[in-house]
There are 2 protein chains.
Amino acid sequence: MDIENAKAQMRKGVLEFCILGILKRGEAYPSDIMATLKEAKLIVVEGTLYPLLTRLKNDGLLNYRWEESQQGPPRKYYSITDSGIQFHSELKNTWDELSYAVKQSQKLQ
Amino acid sequence: MDIENAKAQMRKGVLEFCILGILKRGEAYPSDIMATLKEAKLIVVEGTLYPLLTRLKNDGLLNYRWEESQQGPPRKYYSITDSGIQFHSELKNTWDELSYAVKQSQKLQ
DNA sequence: CATTGAACTATGCAATGCAAAGTACTGGAA
DNA sequence: TTCCAGTACTTTGCATTGCATAGTTCAATG
């Protein structure tokens, strides 16, 4: 029982919401997404992000297109689909409900 | 990929925080805890709560004592330990950081 | 003694974050 | 050309946790 594990557990399910939120602004490739998450103080590693994007794509919430890069191999640019936008809005409700519940449970100390 | 699963995932790790928060107010037995969580709009079932309490107890974050009940079998009254209080405060930091990160990632739509 | 309800326990599954190792492509240095 | 570094993407396997489900124990009541 350490705090690092607790952090990992709290992230579960939240990353999807964050990533869909980021892609709502416009398409991006994985390194872009990681940089944006890092700005928000959310460190994510490759082994987490890539499988997650693949999962979201397979569920029809994202699409991608290949684009040549100036340097290095081509990149997968991801964009959000209509289903993705709708799912994102449901996730927002879920997150808001959870935030409220946590807040309530911590009240009245 | 359905919203129910997403809810379950988002709860992971958060329940511990909520329960420690509730027990900081004073000792309680499982049905008390479930009722309090329900008030906060957080539905938890036995199969989730009991193993979780056992885990927290084994990690030294909680204690319990048996108490006879007026009706029905005796109850396990749980209370938080000093380690539990400290861990709760670390979880609070973790939760606050995560909330901030989620908020940031959803900005600038 | 049987039944009912409350309280607690145990088992097994599915989902996800993550570490770790691996593959593939490009460009520059030796 | 051959080797190496850097970037981008992929794959495998593990640990943890919420939850469904079923089972056990105990006290009170008829």
Side-chain angles (χ1 to χ4, degrees), chain A residues 1-20 27-35 37 42-59 61-62 64-78 91 94 98 101-102, chain B residues 1-20 27-35 37 42-59 61-62 64-78 91 94 98 101-102:
Chain A
M1 170 80 56
D2 64 308
I3 200 70
E4 282 312 312
N5 177 49
K7 274 191 195 179
Q9 292 302 327
M10 278 196 188
R11 286 159 171 250
K12 284 183 190 292
V14 171
L15 286 178
E16 281 181 5
F17 177 45
C18 294
I19 290 169
L20 289 176
E27 65 174 11
Y29 80 107
S31 293
D32 282 338
I33 299 175
M34 285 177 66
L37 288 173
L42 208 53
I43 306 300
V44 175
V45 295
E46 288 187 329
T48 299
L49 184 60
Y50 284 98
L52 203 165
L53 289 172
T54 302
R55 202 166 66 235
L56 294 177
K57 190 262 172 186
N58 289 338
D59 287 333
L61 306 180
L62 300 182
Y64 69 77
R65 63 180 179 83
W66 285 102
E67 181 169 308
E68 298 298 320
S69 168
Q70 304 300 2
Q71 51 181 20
R75 299 166 174 175
K76 267 186 176 178
Y77 274 85
Y78 285 89
L91 284 179
T94 303
L98 185 66
V102 170
Chain B
M1 170 83 54
D2 63 307
I3 201 70
E4 283 312 313
N5 176 50
K7 274 191 196 179
Q9 292 302 328
M10 279 195 187
R11 285 159 171 249
K12 286 184 190 289
V14 171
L15 286 179
E16 282 181 5
F17 177 46
C18 294
I19 289 169
L20 289 176
E27 66 174 12
Y29 79 108
S31 292
D32 281 338
I33 299 175
M34 284 176 66
L37 288 173
L42 208 54
I43 305 300
V44 176
V45 296
E46 287 187 332
T48 298
L49 184 61
Y50 283 99
L52 203 166
L53 289 172
T54 303
R55 202 167 64 235
L56 294 177
K57 189 261 173 188
N58 289 339
D59 288 331
L61 306 180
L62 300 181
Y64 69 76
R65 63 181 178 82
W66 285 102
E67 180 170 308
E68 297 299 320
S69 169
Q70 304 299 358
Q71 51 181 19
R75 298 168 174 175
K76 267 187 176 177
Y77 274 84
Y78 285 90
L91 284 179
T94 302
L98 186 65
V102 170

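Just so it is clear, the values below take in all heavy atoms, side chains as well, and ignore hydrogens, waters and symmetry mates. Naming convention: chains lettered A, B, ... in sequence-line order (proteins, then strands); numbering from 1 in each chain.
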May I have the distance from [X] (atom [atom1]) to [N] (atom [atom2]), rounded to whole angstrom?
X: B:R55; N: C:dT9; atom1: CZ; atom2: P; answer: 15 Å
X: A:E68; N: D:dT7; atom1: CD; atom2: P; answer: 18 Å
X: A:Y29; N: D:dA8; atom1: OH; atom2: P; answer: 4 Å
X: A:Y78; N: D:dC9; atom1: OH; atom2: C1'; answer: 9 Å
X: A:Y77; N: D:dA8; atom1: OH; atom2: C1'; answer: 11 Å
X: A:K12; N: C:dA14; atom1: NZ; atom2: C1'; answer: 11 Å
X: A:E46; N: C:dA20; atom1: CD; atom2: C1'; answer: 11 Å
X: A:F17; N: C:dT16; atom1: CZ; atom2: C1'; answer: 18 Å

Non-hydrogen atoms of [X] and [Y] that approach each other most closely:
X: A:L52; Y: A:E16; value: CD2-CG, 3.9 Å
X: B:L49; Y: B:M34; value: CD2-CG, 3.3 Å
X: B:K76; Y: B:P30; value: O-CD, 3.4 Å

Closest nucleotide among [options] to the [X] side chain:
X: B:P73; options: C:dC8, C:dA6, D:dT16; result: C:dA6
X: B:R11; options: C:dA7, D:dG18, D:dT17; result: D:dG18
X: A:V45; options: C:dA19, C:dA7, C:dC8; result: C:dA19
X: B:W66; options: D:dT16, C:dC8, D:dG18; result: C:dC8

Go through it in stages, so that I can follow the logic: the residues are B:L91 and B:V14, the test is side chain to side chain contact (heavy atoms under 4.5 Å, CB included), and I'd like the CA-CA distance, side-chain angles, deciding distance and then a yes or no. CA-CA 9 Å; B:L91 284 179; B:V14 171; over 6 Å; no
Assign A:P74 to base, sugar-phosphate, or nothing according to its heavy-atom contacts below 4.0 angstrom with the strands shown.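 Sugar-phosphate only.
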Reckon A:T54 touches a base, only the sugar-phosphate, or nothing at all at heavy-atom distances under 4.0 Å?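 Nothing, no nucleic acid heavy atom in range.
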B:G47 vs A:K7, nearer the 5' end of DNA chain C by closest nucleotide: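 Its nearest nucleotide lies further toward 5', so the answer is B:G47.
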Taking for each residue the nucleotide of DNA chain D with the nearest heavy atom, is it A:Y64 or A:Q9 whose nucleotide lies nearer the 5' end?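 The answer here is A:Y64.
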Can you see if the side chain of [X] gets near the phosphate of [N] - specifically, an N or O under 4.0 Å from OP1 or OP2?
X: B:Y50; N: C:dT9; answer: no
X: B:N5; N: C:dT16; answer: yes
X: A:S31; N: D:dT7; answer: no

Here's a test for you: under ring-ring contact (aromatic ring centres under 6.0 Å, His included), which of B:Y77, B:Y64, B:W66, B:Y50 qualifies with B:Y29?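 Of B:Y77, B:Y64, B:W66, B:Y50, ring-ring contact (aromatic ring centres under 6.0 Å, His included) with B:Y29 is met by B:Y77 alone.
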